[in-house]
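Every value quoted in this text rests on a predicted model; they were computed, and no experiment measured them. FYI, side chains are in, hydrogens and waters are out, and symmetry mates aren't considered; it's all heavy atoms of this structure.
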Amino acid sequence: MRLEFVRIEEANDLINQLIEHHPHAIFLTDHNFKVKFFNKSFQKLCKSDKGDILDHEFCEIMGCTRRGKLVDTETNFCKHCQFRELLSGSNLSELSLIRDFEIHNEILTKHLHINAHRLVMRGEKYRLVVIDDRTQDV
């Protein structure tokens, strides 16, 4: 099925509604790994307020327990982080991640299936990230 739109605003509204109400957590990061957009499911996953999400990194938002443990002195980012590798433009586009996160002072083990897609908007590179939280499936 192909949708035809009279105005670009109609297409934008539809896309925004689809993303906002999608059951999977969805967010967009810039080239510095900072979250620039997210949906309600992402906010529910990380249990954070809007101000604690926008312009912050995923691992910071989620409270990754590995964050800062094995830090690369040049970048101040964790070494050997599969998630960072996924976002950095490596050959990975899909990742299953089992990791402990500190969310509201509670350590939770999350089983996340993550897909990342490259986007270019207005000449800037972004990553669209879709997370399926499979924690309860285990």
Side-chain angles (χ1 to χ4, degrees):
M1 179 177 160
R2 182 173 167 84
L3 296 174
E4 297 291 331
F5 297 99
V6 176
R7 297 183 333 262
I8 192 75
E9 293 84 11
E10 292 174 329
N12 284 338
D13 288 345
L14 176 62
I15 290 169
N16 285 329
Q17 289 298 315
L18 289 171
I19 291 171
E20 187 62 27
H21 298 290
H22 198 282
H24 292 144
I26 298 173
F27 67 97
L28 187 73
T29 65
D30 65 9
H31 65 281
N32 291 319
F33 309 109
K34 305 286 185 183
V35 173
K36 297 298 180 184
F37 170 86
F38 60 92
N39 69 354
K40 288 179 185 176
S41 295
F42 181 72
Q43 189 170 6
K44 183 179 174 183
L45 173 70
C46 63
K47 299 178 184 175
S48 294
D49 294 325
K50 182 178 180 178
D52 295 328
I53 297 173
L54 286 177
D55 292 320
H56 294 275
E57 291 184 40
F58 172 79
C59 295
E60 176 187 5
I61 296 163
M62 289 292 293
C64 179
T65 57
R66 294 184 184 180
R67 184 174 164 79
K69 300 277 194 293
L70 298 170
V71 176
D72 182 320
T73 54
E74 286 184 30
T75 64
N76 284 332
F77 298 126
C78 298
K79 292 181 182 178
H80 312 296
C81 178
Q82 293 171 305
F83 189 76
R84 180 165 291 284
E85 188 178 331
L86 179 73
L87 293 180
S88 69
S90 71
N91 291 329
L92 288 177
S93 63
E94 187 174 357
L95 172 66
S96 288
L97 185 69
I98 300 172
R99 184 158 300 163
D100 290 337
F101 296 97
E102 184 178 344
I103 301 174
H104 291 289
N105 299 318
E106 182 181 358
I107 303 295
L108 302 172
T109 301
K110 291 286 191 178
H111 299 248
L112 306 175
H113 185 80
I114 305 165
N115 286 290
H117 308 276
R118 296 176 190 173
L119 293 175
V120 177
M121 294 185 296
R122 296 186 203 123
E124 297 288 326
K125 295 179 183 179
Y126 295 91
R127 287 283 188 184
L128 178 67
V129 181
V130 179
I131 300 176
D132 180 9
D133 183 0
R134 298 179 177 175
T135 303
Q136 297 173 0
D137 297 342
V138 181

Counting N and O atoms only, with roles assigned by atom type, does the side chain of [X] sit under 3.5 Å from a partner on the main chain of [Y], one being a donor and the other an acceptor?
| X | Y | answer |
| --- | --- | --- |
| T29 | E57 | no |
| Q43 | S48 | yes |
| N39 | P23 | no |
| D30 | N32 | yes |

Are the charged groups of K36 and D55 less than 4.0 angstrom apart, N to O?
yes
same_hphob_cluster([X], [Y]) at 4.5 Å side-chain heavy-atom cutoff:
| X | Y | answer |
| --- | --- | --- |
| L128 | M121 | yes |
| F27 | F101 | yes |
| L54 | I19 | no |
| F37 | Y126 | yes |
| I61 | L108 | yes |

What is the distance from atom [atom1] of [X] to atom [atom2] of [Y], rounded to the nearest 0.5 Å?
| X | Y | atom1 | atom2 | result |
| --- | --- | --- | --- | --- |
| Q17 | E20 | CD | CD | 7.5 Å |
| L119 | K125 | CG | NZ | 12.5 Å |
| I26 | H21 | CD1 | NE2 | 11.5 Å |
| L112 | L97 | CG | CG | 6.0 Å |

F58-F33 aromatic ring centre distance below 6.0 Å
no
Does any part of the side chain of [Y], heavy atoms only, come nearer than 4.5 Å to the side chain of [X], both counted from C-beta?
| X | Y | value |
| --- | --- | --- |
| H104 | E106 | no |
| I98 | T109 | yes |
| E94 | H113 | yes |
| F42 | L28 | no |

If we ignore angles and hydrogens, is there a donor and acceptor under 3.5 Å between the side chains of H111 and Q136?
no
Among K47, K110, K44, R99, which residue meets the salt bridge (Lys or Arg N to Asp or Glu O under 4.0 Å) test with D133?
K110
Shortest non-hydrogen contact between S93 and L86, atoms and distance:
C-CD1, 3.6 Å
Nearest heavy atoms of I53 and C46, plus distance in Å:
CD1-SG, 3.7 Å
Determine, stepwise, if the pair K34 / H56 fulfils side chain to side chain contact (heavy atoms under 4.5 Å, CB included).
CA-CA 5 Å; K34 305 286 185 183; H56 294 275; 5.7 Å; no
